[in-house]
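Computed from heavy atoms alone, side chains included, the values below leave out hydrogens, waters and symmetry copies. All ligand and atom numbering here is 1-based and tracks the order in the structure. Computed from a prediction, not measured in an experiment: that's the story for all the values here. Nothing fancy with the numbering, it's 1 onward along the sequence.
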Amino acid sequence: MPDLEAHFERTIERDQRVEPRDWVPEGYRKTMIRQIAQHAHSEIIGMQPEGNWITRAPSLRRKAILLAKVQDEAGHGLYLYSAAETLGTDRAELTEKLITGGQKYSSIFNYPTLTFADVGVIGWLVDGAAICNQVPLCRSSYGPYARAMIRICKEESFHQRQGYELLMTMMKGTRQQREMVQDAVNRWWWPSLMMFGPPDADSPNTAQSMAWKVKRHTNDELRQRFVDMSVPQADALGVRLPDPELSWNASREHYDFGALDWDEFKNVLKGNGPCNAQRIAHRRRAHEEGAWVREAAVAHAAKKEVSA
Ligand code: 3HC
């Protein structure tokens, strides 16, 4: 085993990619399955908040854009389940864990989308936060995950841009439309900061994930990067971010910002967010109603095998 372990360590040290055929420590396999599966679950559950507005989009153009985006998220989920399966797990098992609460998905998707401005703010802030988090993951040490991120990040850029453009349009609209945007920003700003995970001091996985180059930056580093990126964008949009402590710190060359409500974060992770039960019930129903499709595909594949 020492040679295999030495080979793994050298691969990480040299910033090379670990591939499915390589030996890896059990802890590495476990944390990669954990992170990739929860990332995939987030993409799939993330379809619900925005999918809620597809039938009520204000124009054909907005409906087409939203349809494309939600479809992209489904593809990201399938991509990531495929990456997780290279580690010896199975998407049926992972879906079961999601539905029974055995695995997590991003806290952000447990908040309701109350107006169409939420679709724009999700694109701008939630997909913007995802880009901040996912671009470094293109250099994650596990090959299939890093490669999936490259394709996903390209599509996330479209997601972020369409959201920001929608908000720019609304901010040039009526007073009511501008108020809708500000209301959505007020509701989504702090939950978007929570997407980056708990403070580094309370993150049980970060140290090891950084050592194995699964993660390339810590939660707090990426959160800070996102705040620094978002403040000028909010100024250009003409909206106020709901944080009275937000201010440029010239000595740090970063924006200082207020304290997050970590009790709210923990509560949402415990399943007590505004939409947790609804999101899981919807996912469970879709899984159950889709069982016949999976059974038909398996039967068809078996028939093909017999006739081959
Ligand atoms: N929501 C739910 N759970 C969260 C969370 C969040 N926002 N942040 C952290 N957690 C969980 C972690 O999963 C971990 O629990 P676990 O050990 O049971 O998995 C626990 O809280 C402690 O957090 P850590 O910081 O120790 O965990 P990680 O090192 O895994 O860091 C992470 C958390 C930053 C989310 C990291 O897993 C990561 O970068 N994941 C990949 C990116 C991702 O999953 N993004 C989710 C959003 S996907 C998306 O936005 C789609 C886009 O199209 C909009």
Side-chain angles (χ1 to χ4, degrees), residues 27 30-51 68-77 79-80 83-84 94 97-98 101-111 113 119 121-140 142 145-146 148-149 151-160 162-163 188 190-223 225-226 260 262 264-271 273 276 279:
K30 273 179 71 182
T31 210
M32 277 320 313
I33 289 175
R34 176 188 64 83
Q35 176 158 333
I36 300 175
Q38 293 182 155
H39 197 159
H41 297 332
S42 304
E43 300 280 3
I44 298 299
I45 297 286
M47 294 166 71
Q48 292 185 36
E50 290 177 303
K69 178 182 192 296
V70 172
Q71 197 174 329
D72 280 351
E73 310 296 11
H76 296 173
Y79 242 59
L80 289 166
L94 299 177
K97 284 187 177 163
L98 167 66
Q103 280 184 332
K104 298 178 170 73
Y105 59 92
S106 189
S107 50
I108 190 72
F109 298 122
N110 288 308
Y111 292 85
T113 44
V119 172
V121 170
I122 287 176
W124 171 39
L125 293 180
V126 175
D127 289 274
I131 290 170
C132 259
N133 166 287
Q134 292 170 180
V135 166
L137 292 174
C138 295
R139 292 182 296 113
S140 182
Y142 189 57
Y145 189 39
M149 280 300 108
R151 158 80 184 271
I152 288 175
C153 284
K154 287 192 171 78
E155 292 180 344
E156 291 296 355
S157 304
F158 148 67
H159 296 176
Q160 205 247 8
Q162 64 80 33
W188 287 93
W190 292 105
S192 298
L193 297 191
M194 295 175 190
M195 285 175 69
F196 293 94
D200 294 347
D202 301 331
S203 166
N205 297 297
T206 289
Q208 184 59 71
S209 289
M210 294 285 286
W212 278 332
K213 299 184 183 174
V214 173
K215 288 165 93 167
R216 308 296 277 194
H217 298 279
T218 71
N219 299 356
D220 288 332
E221 283 167 5
L222 291 177
R223 195 178 351 260
R225 184 178 292 186
F226 175 66
L260 281 73
W262 293 112
E264 175 184 331
F265 175 72
K266 288 176 192 146
N267 217 11
V268 173
L269 260 60
K270 271 193 225 135
N276 294 58
R279 299 287 184 241

Residues Lys69 and Asp72 bridged, charged N to O under 4.0 Å
no

Does the distance from a Lys or Arg side-chain N to an Asp or Glu carboxylate O, for Glu221 and Arg225, drop under 4.0 Å?
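No salt bridge links Glu221 with Arg225.
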
With only distance considered, is [X] within less than 3.5 Å of ligand 1 through an N or O on each side?
X	answer
Asn133	yes
Arg34	yes
Ser209	no
Asn205	yes
Leu269	no
Gln134	no

Tell me whether ligand 1 is touched by [X] - counting only heavy atoms on the residue side and a distance under 4.0 Å.
X	value
Ile108	no
Pro198	yes
Glu156	yes

Identify the protein heavy atom lying closest to [atom], giving its residue, its atom name and the separation to 0.1 Å.
atom	result
atom 35 (C) of ligand 1	Met195 O, 4.1 Å
atom 40 (N) of ligand 1	Gln35 NE2, 3.5 Å
atom 1 (N) of ligand 1	Ser107 N, 2.8 Å
atom 16 (P) of ligand 1	Lys104 NZ, 3.6 Å
atom 28 (P) of ligand 1	Lys215 NZ, 3.6 Å
atom 8 (N) of ligand 1	Gly197 CA, 3.2 Å
atom 5 (C) of ligand 1	Phe265 CZ, 3.8 Å
atom 2 (C) of ligand 1	Tyr105 O, 3.2 Å

Looking only at heavy atoms, is any part of [X] under 4.0 Å from ligand 1, and if so is it the side chain, the backbone, or both, or is it neither?
X	result
Ile122	neither
Glu73	side chain
Ser42	side chain
Glu43	side chain
Phe196	backbone
Leu222	neither

Under a 4.0 angstrom heavy-atom cut-off, which atoms of ligand 1 come close to [X]?
X	answer
Asp127	52 (C), 53 (O), 54 (C)
Gln38	13 (O), 19 (O)
Leu137	41 (C)
Ala130	50 (O), 52 (C)
Tyr145	41 (C)

Given 3.5 Å as the limit, does a donor-acceptor pair link the side chain of [X] with the main chain of [Y], or not?
X	Y	answer
Asn276	Val268	yes
Thr31	Gly27	no
Gln48	Arg279	yes

Provide the closest heavy-atom pair for [X] versus [Y] in the form atom of the first, atom of the second, distance.
X	Y	result
Ala129	Met195	CB-SD, 3.8 Å
Ser203	Lys215	OG-NZ, 4.4 Å
Leu80	Ile36	O-CG2, 3.2 Å
Gly77	Ile44	CA-CD1, 3.9 Å

So [Y] and [X], do their side chains get closer than 4.5 Å, heavy atoms only?
X	Y	result
Ser42	Phe109	yes
His159	Glu50	no
Tyr142	Val214	no
Ile152	Leu137	no

Enclosure of Gln208 CD (heavy-atom neighbours >12, cutoff 6.0 Å):
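More than 12 heavy atoms, drawn from other residues, nucleotides or ligands, come within 6.0 Å of this atom.
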
Heavy-atom proximity to atom 47 (C) of ligand 1, best of Ser106, Pro204, Ser203, Ala129
Ser106

Verify atom 32 (C) of ligand 1: protein non-hydrogen atom under 4.0 angstrom away:
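Within 4.0 Å of atom 32 (C) of ligand 1, no protein heavy atoms are found.
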
Working note: Phe226 + Asn133, criterion side-chain contact (heavy atoms from CB on, under 4.5 Å); need CA distance, chi angles, decisive distance, verdict.
CA-CA 9 Å; Phe226 175 66; Asn133 166 287; over 6 Å; no

Does any donor atom in the side chain of Gln38 or His41 lie under 3.5 Å from an acceptor atom in the other side chain?
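Side chains of Gln38 and His41: no pair found under 3.5 Å.
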
Please evaluate residues Ile45 and Leu98 with respect to the criterion side-chain contact (heavy atoms from CB on, under 4.5 Å), reporting the C-alpha separation (whole Å), side-chain torsions for both, the decisive distance (0.1 Å), and the verdict.
CA-CA 10 Å; Ile45 297 286; Leu98 167 66; 4.2 Å; yes

